[in-house]
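Order of listing sets the numbers, starting from 1, for every ligand and every atom in it.
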Amino acid sequence: MPGSFTFNRRDFLSTTFGAAAGFSILPTGHRLIRELLSTPAPFSPFQFPKDFLWGAATASYQIEGAWDEDGKGESIWDHFAHTVGKVKGAATADVACDSYHRYKEDVELLKKLNLNSYRFSVSWPRIQADGTGKPNPKGLDYYKRLADTLLEAKIRPLCTLYHWDLPQKLEEAGGWPNRDLAARFTEYAEIVVRTLGDRINHWCIFNEPWVFTFLGYSSGIHAPARKNFSDCLRATHVVNIAQGQAFRAIKAINPKLQVGNAFSMSNCEPATSSDADRQAADRAHAIGNVWFLHPALKSEYPKAFPGSAPLEMMGVKSGDMELCRAPFDFLGINYYRRQFISAIAPGEGESSTGFHSYDATQGALTDFAWEVWPDSFGELLLRISREYDKPAIEITENGCSYLDSPDEAGRIPDQRRIDFMRGYLGAVGHAIQKGANIRAYHHWSLLDNFEWAEGYAQRFGMVYVDFRNQKRTIKDSGYWYGKLAASGNLS
Ligand code: PNW
């Protein structure tokens, strides 16, 4: 019920939002039932289909640098990172990997790794400095050059329209909770697709709408650093409307363009076999995994609250759910780790969604302390495949942070990343064998880069970047992945 809907800090920490923000909580008196601590399935070799796409992913703010060049406006991430105290080590992405100037070198790296798909994003304030009005030709030219360089190298461009760098002026006008943003975003999407749609056939509308709404407007650990749960819920609804409108606008320009989205997902596993925990895990799945997918495909919100959804607080008006419709040509899934979920019994504490979420630590941990548990990826893929009628799926991100650096000979022996990739790609192979329609894998990331609130303290790349001189060095995992991309044979 909208009136009785409450959300406080404890609540935040208790949900999948909190867990994804890096919080780990074990509720007082919690008993983790050992029966649910499964043993990992043995690895089985897999031959990927001939036409499987092997890729790598990046995002504009994390790699481009050139933050105020050629007419680019300020983004919320420029603003956030320029505010002392927000990013670890006071790091900014003013220069980052300098890919705005070094994109040719980066495409050469993709070629060396035998990859045939590259997922990158367009920076909105490079195209419209203030988020509205006439496009900036220099910004558009950069992405034309990048796309052309990829096509010459026979690499398919997969372009994300929004990977979190909102023009700061639009945040000042209210940001994503402001309904007007849906129209602004649609105009921007039209500009980009009209210009680049002759050479780019594959599009993701948003990257991880859950992350940028919940971490940006509720927990405040990401830009624009707001901490207001009702603003956050409103933002989710505006994003859902924008997603539907942009989808229709792109199809109106050219119905042949393939349009999808990149959703963050995490397998939500009940902490015990109790009915209450199972139902709580379903609610966690609803809000954390399909809050932006279900409205697009089914024109309704999934059941994420023990009571009814706070539609009034979300600003849902009659007719809106039709606007949210976006029958995607493919679903992009970004996958990193699973969550354990336990129910909060009524009366045990204030809660809107009625569950605790905490990080699993049964498997090995990466240097970012995220658990490595490949089976959970296979389970999640099969669940989505089953529940949404076998959609075409692209893995738009999957990866891990390890801090391995060059040895004396200049080599980067990152065996743990190789083990991670082998395990997670094995899970993809397993899901394909069981009938999931998965056609691409993009490793996050091509390069070590600016890892949001972590700055440069995490390294997700298959290619090491020395940020003092921009020297790129392929890690052992990159060579390993390159060989796999050439043969398709995971053994
Ligand atoms: C993704 N979690 O974000 C983003 O799309 C990338 O830009 C980012 O660099 C990458 O994953 C690695 O973090 C996530 O808490 C943020 O599980 C948080 C989570 C997962 C993905």
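Residue F368 places no heavy atom under 4.0 Å from ligand 1.
Between Q62 and ligand 1, an N or O atom pair is found at a separation short of 3.5 Å.
Residues N136 and D70 approach most closely at ND2-O, 2.8 Å, considering heavy atoms.
Qualifying side-chain hydrogen bond (donor to acceptor under 3.5 Å, both in side chains) partners for R383, counting only residues two or more places apart in sequence or in other chains: D282, E387.
Atoms of ligand 1 found under 4.0 Å from any heavy atom of H163 (numbered from 1 in listed order, with element): 4 (C), 5 (O), 6 (C), 7 (O). Taking a cut-off of under 4.0 Å to the non-hydrogen atoms of F460, the atoms of ligand 1 that pass are 12 (C), 13 (O).
The side chain of N207, and not its backbone, has at least one atom closer than 4.0 Å to an atom of ligand 1 (non-hydrogen atoms only; side chain from C-beta on).
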N/O donor-acceptor pairs under 3.5 Å from side chains in residues 421-430, not counting sequence neighbours:
{"residue": "R422", "atom": "NE", "partner": "S491", "partner atom": "O", "Å": "3.0"}
{"residue": "Y424", "atom": "OH", "partner": "W373", "partner atom": "N", "Å": "2.8"}

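Atom 17 (O) of ligand 1 has its nearest heavy-atom neighbour, among E454, E397, R337, in R337. With atom 11 (O) of ligand 1 as the reference point, the heavy atom nearest to it among F214, W444, W210, Y336 is part of Y336.
No donor-acceptor pair closer than 3.5 Å links the side chain of N261 to the backbone N or O of F263.
Note on ring orientation: taking the six-membered ring where Trp is involved, the planes of Y142 and Y100 are tilted (angle from 30° to 60°).
When side chains are defined from C-beta on, Y61 does not count as touching H163, because their heavy atoms never get closer than 4.5 Å.
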